[in-house]
Undergrad: 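Please read through the structure below; I'll follow up with questions.
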Amino acid sequence: MNKFRAAIRGLLIALLIIIHVTPALVKAVFTGIDLPLALRMRRLWARRSLKVLGVMVERQGELPQRGPFLFVGNHRSYLDPIVVLSEIEALPIAKAEVGSWPLIGFGAKATGIMYVKRESKNSRAATLDAMRNTLNGGYSVLVYPEGTTHTESVTREFKKGAYSVAARGGFRVVPMAIEYGDILDAWVGNDTFIPHFVRCFGKKITCVKIAYGAPIVAEDPNFLLSETRKWIDENMVRLRTEFDKGQSSVG
C-alpha cells in the first residue's frame, strides 16, 4: 500500500510540475524569462505539492514583508525548500546534483535556482556573485549554510559566504528552523532519491514544524552568522521538544 501511495503521489507531483512550469516556459520562449511569474507559479506548485504528499506544516513566527531577504535555515531534507517556497518567493541555492533529480530537478531549473558545486572554488565564487546580483535585483535568496543534511540536534558548521554578501550589501537575514515529526524523514548518508521518496511519502501524513525569526541586519558577517545560528539552534531544540512531548502525550 505504501509503495502504491508513493507512486500515485509521484505521478501527481509530475503532473503539477507540468501544469505550473509550462506557463513560465511558454512565456520565456516567446517574450523572455519572466522571473516574477516563474516564482509565483513555483509557489503554487509547492503549496499544492505539499497537499498531494500529505505534508502537514505548522508555521511559527511572522513571515517578513518587503524584501529582499536572505533566508537561512538548518537542513534536514530535500523537502525543506519546498516547505519554505510554499510560503515565500525566493531563489534557492542548491548543490549541482539537484538538477539531475527526478521531478524536483526539472521544476527547479524552470522556475529559478542557483546551483553550486561545493568542491569547486570557482563555482562557489560564481554563486556568491549570482546571489549578490539577485538580492540587488530585489529578489530574495534561500540558502542552507550547512551545505548538507543531517539528523543532529543542532546545526553543523555554517559556511560564511552568504553572510559576507548580506553584510556588505546591507541585506536583512531571516533565520529559519525546521523539524520533522519523524526524524527518519531526514535525507542523509547514501540514501537515494526514489527509495527515500517511497519511505517518506508512502505514509499518509508527514508532520513538519517551521519557525521564522525576525530579520537581522549587520555590517559584520561573523555577527550575522553567530546570531542566526544561535537562533536556529535554540529553535531546532524547541521544535524537537514539542514533537517529542506531543508523541509522549499520544502514547
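Sequential numbering from 1 along the given sequence is applied to the chain's residues.
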Undergrad: Just verifying a value: how many Å separate Glu242 CD and Asn235 CG, rounded to the nearest 0.5 Å?
TA: 9.0 Å
Undergrad: May I ask you to check whether Tyr180 and Asp80 show a side-chain donor-acceptor distance below 3.5 Å?
TA: yes
Undergrad: Between Asp34 and Leu37 (side chain of the first, backbone of the second, donor and acceptor by atom type, cut-off under 3.5 Å), is there such a pair?
TA: yes
Undergrad: Between Val217 and Gly170, which heavy-atom pair has the shortest distance, and what is it?
TA: CG2-O, 3.8 Å
Undergrad: For Asn74 versus Ile178, what's the shortest heavy-atom pair and its separation?
TA: OD1-N, 2.8 Å
Undergrad: Establish, yes or no, whether a centroid distance under 6.0 Å links the rings of Phe223 and Tyr163.
TA: no
Undergrad: Would you say that Arg240 contacts Met236 through its side chain, given a criterion of any heavy-atom pair below 4.5 Å between the two side chains?
TA: no
Undergrad: Quick check: do Phe171 and Asn136 have side-chain heavy atoms less than 4.5 Å from each other?
TA: yes
Undergrad: Please round to the nearest 0.5 Å and tell me the distance separating atom CG of Asn222 and atom CD of Glu227.
TA: 11.5 Å
Undergrad: Mind checking what makes salt bridge (Lys or Arg N to Asp or Glu O under 4.0 Å) contact with Asp129, not counting sequence neighbours?
TA: Arg132
Undergrad: Do His20 and Arg48 meet the criterion of a side-chain donor-acceptor pair at a distance under 3.5 Å?
TA: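 Yes, because at least one side-chain N or O of His20 sits under 3.5 Å from a partner of the opposite role on Arg48.
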Undergrad: Check step by step if side chain to side chain contact (heavy atoms under 4.5 Å, CB included) holds for Arg5 and Lys204.
TA: CA-CA 8 Å; Arg5 182 185 291 118; Lys204 290 184 178 180; 3.6 Å; yes
Undergrad: Between Phe71 and Val143, is there a side-chain heavy-atom distance shorter than 4.5 Å?
TA: no
Undergrad: Contact between Leu128 and Met131 at the side-chain level, heavy atoms closer than 4.5 Å - yes or no?
TA: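 Yes, side chains in contact.
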Undergrad: May I have the step-by-step check of side chain to side chain contact (heavy atoms under 4.5 Å, CB included) for Val21 and Trp45, ending in yes or no?
TA: CA-CA 8 Å; Val21 169; Trp45 169 78; over 6 Å; no
Undergrad: What's the spacing between Glu87 CD and Arg47 CZ if we round to 0.5 Å?
TA: 8.0 Å
Undergrad: Hey, are the side chains of Val84 and Tyr144 touching, using non-hydrogen atoms and a 4.5 Å cut-off?
TA: yes
Undergrad: If the threshold is 4.0 Å, N to carboxylate O, is there a salt bridge linking Lys203 and Asp182?
TA: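 Salt bridge flag = yes for Asp182 with Lys203.
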Undergrad: Looking at Pro175 and Ile232, what are the two nearest heavy atoms and their distance?
TA: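 Heavy atoms of Pro175 and Ile232 come nearest at CB-CG1, 3.9 Å.
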Undergrad: Does Thr22 use its side chain to pair, donor to acceptor, with the backbone of Ile19 at less than 3.5 Å?
TA: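 Side chain of Thr22 to backbone of Ile19, a donor-acceptor pair under 3.5 Å: no, none is there.
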Undergrad: Write down the atom of Ser86, the atom of Leu50, and the distance for their closest heavy-atom approach.
TA: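 It is OG-CD1, 3.6 Å.
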Undergrad: Please examine the side chains of Leu85 and Pro92, heavy atoms only from C-beta on, and report whether any two atoms are closer than 4.5 Å.
TA: yes
Undergrad: Just checking, Arg9 and Phe201: is the charged tip under 6.0 Å from the six-membered ring centre and within 45° of the axis?
TA: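 Ring-cation test returns no.
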Undergrad: Quick check: does any side chain N or O of Arg42 sit under 3.5 Å from a backbone N or O of Ile82, one acting as donor and the other as acceptor?
TA: no
Undergrad: Hey, quick one: are Ile210 and Tyr78 part of the same hydrophobic cluster, counting side-chain heavy atoms closer than 4.5 Å, chains of contacts allowed?
TA: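 Linked, Ile210 and Tyr78 end up in one cluster.
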Undergrad: Please say yes or no: joined through hydrophobic side-chain contacts below 4.5 Å, possibly via intermediate residues, are Ile183 and Ile205 part of one cluster?
TA: no
Undergrad: Hydrophobic cluster membership, with links at side-chain heavy-atom distances under 4.5 Å among I/L/V/M/F/W/Y: are Leu16 and Ile194 in one?
TA: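 Yes, it is one cluster - the side chains of Leu16 and Ile194 are joined through contacts under 4.5 Å.
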Undergrad: Mind listing the closest non-hydrogen atom pair of Pro64 and Phe69 along with its distance?
TA: CB-CZ, 3.6 Å
Undergrad: Can you classify the ring geometry of Trp187 versus His196 as parallel (below 30°), tilted (30 to 60°) or perpendicular (above 60°)?
TA: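 Ring orientation of Trp187 relative to His196: parallel.
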Undergrad: Quick one: closest heavy-atom pair of Thr206 and Cys200, and the distance?
TA: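 Looks like OG1-O, 3.6 Å.
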Undergrad: Can you tell if the side chain of Val174 reaches within under 4.5 Å of the side chain of Leu70, non-hydrogen atoms only?
TA: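 No; the side chains remain at least 4.5 Å from each other.
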Undergrad: Could you state whether Leu142 and Val57 fall into the same hydrophobic cluster, counting links through intermediate Ile, Leu, Val, Met, Phe, Trp or Tyr residues with side-chain heavy atoms under 4.5 angstrom apart?
TA: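 Same cluster.
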Undergrad: Does either side chain, that of Thr149 or that of Arg76, offer a donor lying less than 3.5 Å from an acceptor on the other one?
TA: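 There is no such pair (donor and acceptor under 3.5 Å, judged by atom type) between the side chains of Thr149 and Arg76.
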Undergrad: Any donor-acceptor pair under 3.5 Å linking the side chain of Arg172 with the backbone of Pro215?
TA: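 Pair absent, no side-chain N/O of Arg172 close to backbone of Pro215.
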Undergrad: Look up atom CG in Leu239 and atom CD in Glu58, then write down how far apart they are to the nearest 0.5 Å.
TA: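 Those atoms lie 8.0 Å apart.
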Undergrad: Shared ILVMFWY cluster between Val83 and Leu12, side chains joined below 4.5 angstrom?
TA: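 In one cluster: yes.
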Undergrad: Are Lys209 and Glu179 ion-paired here, with the side-chain N under 4.0 Å from a carboxylate O?
TA: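 Result for this pair is no, no salt bridge flagged.
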Undergrad: Partners of Glu234 by salt bridge (Lys or Arg N to Asp or Glu O under 4.0 Å), sequence neighbours excluded?
TA: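 Partners of Glu234 by the salt bridge (Lys or Arg N to Asp or Glu O under 4.0 Å) criterion come out as none, since no residue qualifies.
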Undergrad: Taking atom types as modelled and ignoring hydrogens, do the side chains of Thr155 and Asp233 form a donor-acceptor contact shorter than 3.5 angstrom?
TA: yes
Undergrad: Could you go step by step and tell me if Met56 and Lys51 meet the side chain to side chain contact (heavy atoms under 4.5 Å, CB included) rule?
TA: CA-CA 8 Å; Met56 307 292 290; Lys51 290 182 179 179; over 6 Å; no
Undergrad: Evaluate the criterion side chain to side chain contact (heavy atoms under 4.5 Å, CB included) for residue pair Leu39 and Leu91; output intermediate values, then yes/no.
TA: CA-CA 8 Å; Leu39 295 178; Leu91 277 76; 3.9 Å; yes
Undergrad: Taking atom CZ of Arg59 as the centre, does the number of heavy atoms from other residues, nucleotides or ligands within less than 6.0 Å exceed 12?
TA: yes
Undergrad: Rounded to the nearest 0.5 Å, how far does CD1 of Ile13 lie from CD1 of Ile8?
TA: 12.0 Å
Undergrad: Rounded to the nearest 0.5 Å, what separation is found between the CG atom of Leu225 and the NZ atom of Lys160?
TA: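 One finds 8.0 Å between CG of Leu225 and NZ of Lys160.
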Undergrad: Would a 4.5 Å heavy-atom cut-off, applied to side chains only, mark Leu79 and Asp185 as touching?
TA: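 A side-chain contact is absent here, since even the closest heavy-atom pair is not under 4.5 Å.
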Undergrad: Compute whether any side-chain donor of one residue and acceptor of the other, for Tyr139 and Glu89, lie under 3.5 angstrom apart.
TA: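 Side chains of Tyr139 and Glu89: no pair found under 3.5 Å.
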